[in-house]
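Just so it is clear, the model here is predicted, and its values are computed rather than measured. Remember, it's 1-based here, ligands and their atoms both numbered in the order they're listed.
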Amino acid sequence: MRMILVGPPGAGKGTQAARLVDALSIVHISSGDMLRAAVKDGTELGRRADEYMQAGALVPDSLVIDLVLERIARPDASAGFMLDGFPRTRPQAEALDAAMQAAGKQLDVVLLIEVPDALIVERITGRRSDPETGAIYHLTFNPPPASVEGRLVQRRDDTEEACRARLEKYHAETAPIVPYYEERGLLLRVDGVGGLDEVTDRIRRALDSRG
Ligand code: ADP
Ligand code: ADP
């Protein structure tokens, strides 16, 4: 299965992807994780992406598109993938379509996780992650076990200010790709408000009901 996760920052894309990919036997490809790895490794791409990311702006399409298309062309993605955080603009969506067409493959589903803006800042500012396992926690909504608490880190762009900038970008640049997929009958909408397990169940049911 080849699927895309769309939703505002903090919608739960990374959380739900981690819970779903194993059962679906597909790889989780997060453009944000790939970009953060490039920044950490100090690559040329990382150096160019860093300031956009810290400000909550989008990294230019020309940098992100090549990165993700190369990743989905690797052998471990041939059986399917769950794209998380890409595409985020119309040109990215079009570049993905062109690459899929050239490879003779098709997208199966675009899952939109809907969460109202009013809940986003609290989700983002309470987010913490485990640098050893990559697990995502929330100080209130998904509290970490005491054994890992001491090593958790907060993303540099998980400030209230950068979060508001990201939310604005989401509405201006990313939300417009939703009708692009809806018109092709690929869109599934899932309510992202509720407990983590509840949202996972909704996604599973939505995927099962596609017929
Ligand atoms: P995204 O990848 O869409 O930015 P994350 O999966 O990183 O979102 O989730 C953002 C934050 O919200 C994390 O701290 C996560 O633990 C928390 N979170 C995820 N799903 C839920 C939920 N259903 N209810 C409350 N908090 C959630
Ligand atoms: P979020 O938790 O807000 O969904 P991500 O981890 O997906 O965040 O992305 C973090 C940052 O990385 C974004 O604010 C943006 O600067 C950059 N980024 C990630 N994916 C893309 C993309 N597809 N296009 C442009 N910038 C991206």
Side-chain angles (χ1 to χ4, degrees), residues 4-20 28-40 45-46 48-69 71-72 82-96 111-130 134-144 152-174 177 190-203:
I4 296 174
L5 285 182
V6 183
K13 301 181 295 295
T15 299
Q16 296 299 332
R19 291 165 158 239
L20 292 161
H28 174 200
I29 299 178
S30 157
S31 50
D33 285 350
M34 292 176 77
L35 289 166
R36 279 185 289 279
V39 171
K40 190 162 164 251
L45 167 69
R48 289 165 71 181
D50 194 25
E51 62 179 290
Y52 295 100
M53 295 173 75
Q54 279 200 54
L58 290 178
V59 174
D61 288 334
S62 56
L63 300 180
V64 181
I65 288 172
D66 287 350
L67 179 76
V68 175
L69 295 187
R71 178 67 189 86
I72 62 175
M82 186 176 289
L83 276 180
D84 162 7
F86 182 96
R88 245 180 169 94
T89 63
R90 177 74 183 234
Q92 291 179 18
E94 288 169 357
L96 176 64
L111 190 94
L112 172 64
I113 305 182
E114 299 184 290
V115 175
D117 286 6
L119 301 184
I120 295 297
V121 172
E122 192 182 6
R123 283 202 186 185
I124 290 285
T125 54
R127 172 161 57 188
R128 299 291 184 276
S129 54
D130 183 340
I136 304 164
Y137 296 100
H138 189 283
L139 296 178
T140 310
F141 305 129
N142 184 23
L152 296 186
V153 294
Q154 183 171 23
R155 272 169 48 179
R156 284 184 305 170
D157 59 343
D158 276 352
T159 60
E160 183 166 342
E161 193 190 357
C163 170
R164 292 198 189 281
R166 278 149 65 199
L167 207 43
E168 249 176 57
K169 286 287 171 203
Y170 175 77
H171 289 297
E173 306 276 348
T174 309
I177 69 173
V190 170
D191 180 4
V193 182
L196 276 69
D197 291 341
E198 208 176 336
V199 176
T200 308
D201 285 346
R202 281 182 203 141
I203 295 174

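Remark: ligand 1 and Val199 share no N or O pair separated by less than 3.5 Å (distance only, no angle test). For a threshold of 3.5 Å applied to N or O pairs, the pair formed by Val59 and ligand 2 contains at least one separation below that value. Considering both main-chain and side-chain atoms, Arg123 comes within under 3.5 Å of ligand 1 through a nitrogen or oxygen pair. Residue-to-ligand polar distances place Lys13 within reach of ligand 1: an N/O pair is separated by less than 3.5 Å. Looking at ligand 1, you won't find any N or O of Asp84 less than 3.5 Å from one of its N or O atoms. Between Ile124 and ligand 1, no N or O atom pair is found at a separation short of 3.5 Å. Any N or O atom pair closer than 3.5 Å counts here, and Pro9 shares no such pair with ligand 1. For Gly14, a nitrogen or oxygen atom sits less than 3.5 Å from a nitrogen or oxygen atom of ligand 1, counting backbone and side chain alike.
Among all non-hydrogen protein atoms, the one lying nearest atom 23 (N) of ligand 1 is Gly194 O, 2.8 Å. Counting protein heavy atoms only, atom 19 (C) of ligand 1 is closest to Thr15 OG1, 3.6 Å. Of the protein's heavy atoms, Met53 CE, 3.5 Å lies nearest to atom 12 (O) of ligand 2. Scanning the protein heavy atoms around atom 17 (C) of ligand 2, the nearest turns out to be Leu35 CD1, 3.7 Å. Nearest to atom 14 (O) of ligand 1 among the protein's heavy atoms is Tyr137 O, 2.8 Å. From the protein, the heavy atom lying nearest to atom 8 (O) of ligand 1 is Gly12 N, 3.1 Å. Of all protein heavy atoms, the one closest to atom 20 (N) of ligand 2 is Ser31 OG, 2.8 Å. Of all protein heavy atoms, the one lying nearest to atom 4 (O) of ligand 1 is Gly10 N, 2.8 Å.
For Pro87 against Ile177, the heavy-atom pair with the smallest separation is O-CD1, 3.2 Å. Heavy atoms only, all atoms of each residue included: Ala38 and Leu45 are closest at CB-CD2, 4.1 Å. What you find for Gln92 and Asp61 is that their closest heavy atoms are NE2-OD1, 2.9 Å. Heavy-atom minimum distance, Pro9 versus Tyr170: CD-CB, 4.1 Å. Across Ala17 and Leu5, no two heavy atoms sit closer than the pair CB-CD1, 3.9 Å.
By the 4.5 Å heavy-atom criterion applied to side chains, Leu83 and Leu96 are counted as neighbours. Counting only heavy atoms from C-beta outward, the side chains of Thr125 and Cys163 never approach each other to under 4.5 Å. Taking 4.5 Å as the limit, some side-chain heavy atom of Pro60 sits within range of a side-chain heavy atom of Tyr52. Counting heavy atoms from C-beta on, the side chains of Leu35 and Leu67 come closer than 4.5 Å.
The side chain of Arg166, and not its backbone, has at least one atom closer than 4.0 Å to an atom of ligand 2 (non-hydrogen atoms only; side chain from C-beta on). The proximity of Val64 to ligand 2, defined as any non-hydrogen pair under 4.0 Å, is limited to the side chain. Counting heavy atoms under 4.0 Å from ligand 2, residue Ala57 touches it through the backbone alone. Residue contacts with ligand 2, taken as heavy atom pairs separated by less than 4.0 Å, involve Arg127 solely via side-chain atoms from C-beta onward. Contacts between Arg155 and ligand 2 below 4.0 angstrom, taking non-hydrogen atoms only, involve the side chain exclusively. Here Lys169 has no heavy atoms under 4.0 Å from ligand 2, in either its backbone or its side chain.
Among Glu51, Gln92, Arg88, the residue whose heavy atom lies closest to atom 5 (P) of ligand 2 is Arg88.
Contact atoms of ligand 1 toward Gly192: 23 (N) (distance under 4.0 Å to a heavy atom of the residue). Under a 4.0 Å criterion applied to the non-hydrogen atoms of Phe141, ligand 1 contributes the atoms 25 (C), 26 (N). Atoms of ligand 2 lying under 4.0 Å from at least one heavy atom of Leu58, given by number and element, are 25 (C), 26 (N). Close approach to Arg36 involves these atoms of ligand 2, each under 4.0 Å from a residue heavy atom: 6 (O), 10 (C).
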Does Arg128 form a salt bridge (charged side-chain N to carboxylate O under 4.0 Å, His left out) with Asp158? I'd like the steps, not just the answer. CA-CA 9 Å; Arg128 299 291 184 276; Asp158 276 352; over 6 Å; no
Evaluation steps, side-chain hydrogen bond (donor to acceptor under 3.5 Å, both in side chains), between Thr174 and Arg88: CA-CA 5 Å; Thr174 309; Arg88 245 180 169 94; 4.8 Å; no
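Looking at His28 and Asp33, their side chains never bring a donor and an acceptor atom within 3.5 Å of each other.
Considering Arg155, Glu161, Arg156 as possible partners of Thr159, the one that fulfils the side-chain contact (heavy atoms from CB on, under 4.5 Å) test is Glu161. If you run side-chain contact (heavy atoms from CB on, under 4.5 Å) between Ile124 and each of His138, Gln154, Arg166, only Arg166 comes through.
Within the 3.5 Å criterion, the main-chain N or O of Gly195 finds a donor-acceptor partner in the side chain of Glu198. No donor-acceptor pair under 3.5 Å is formed between the side chain of Lys169 and the backbone N or O of Gly56.
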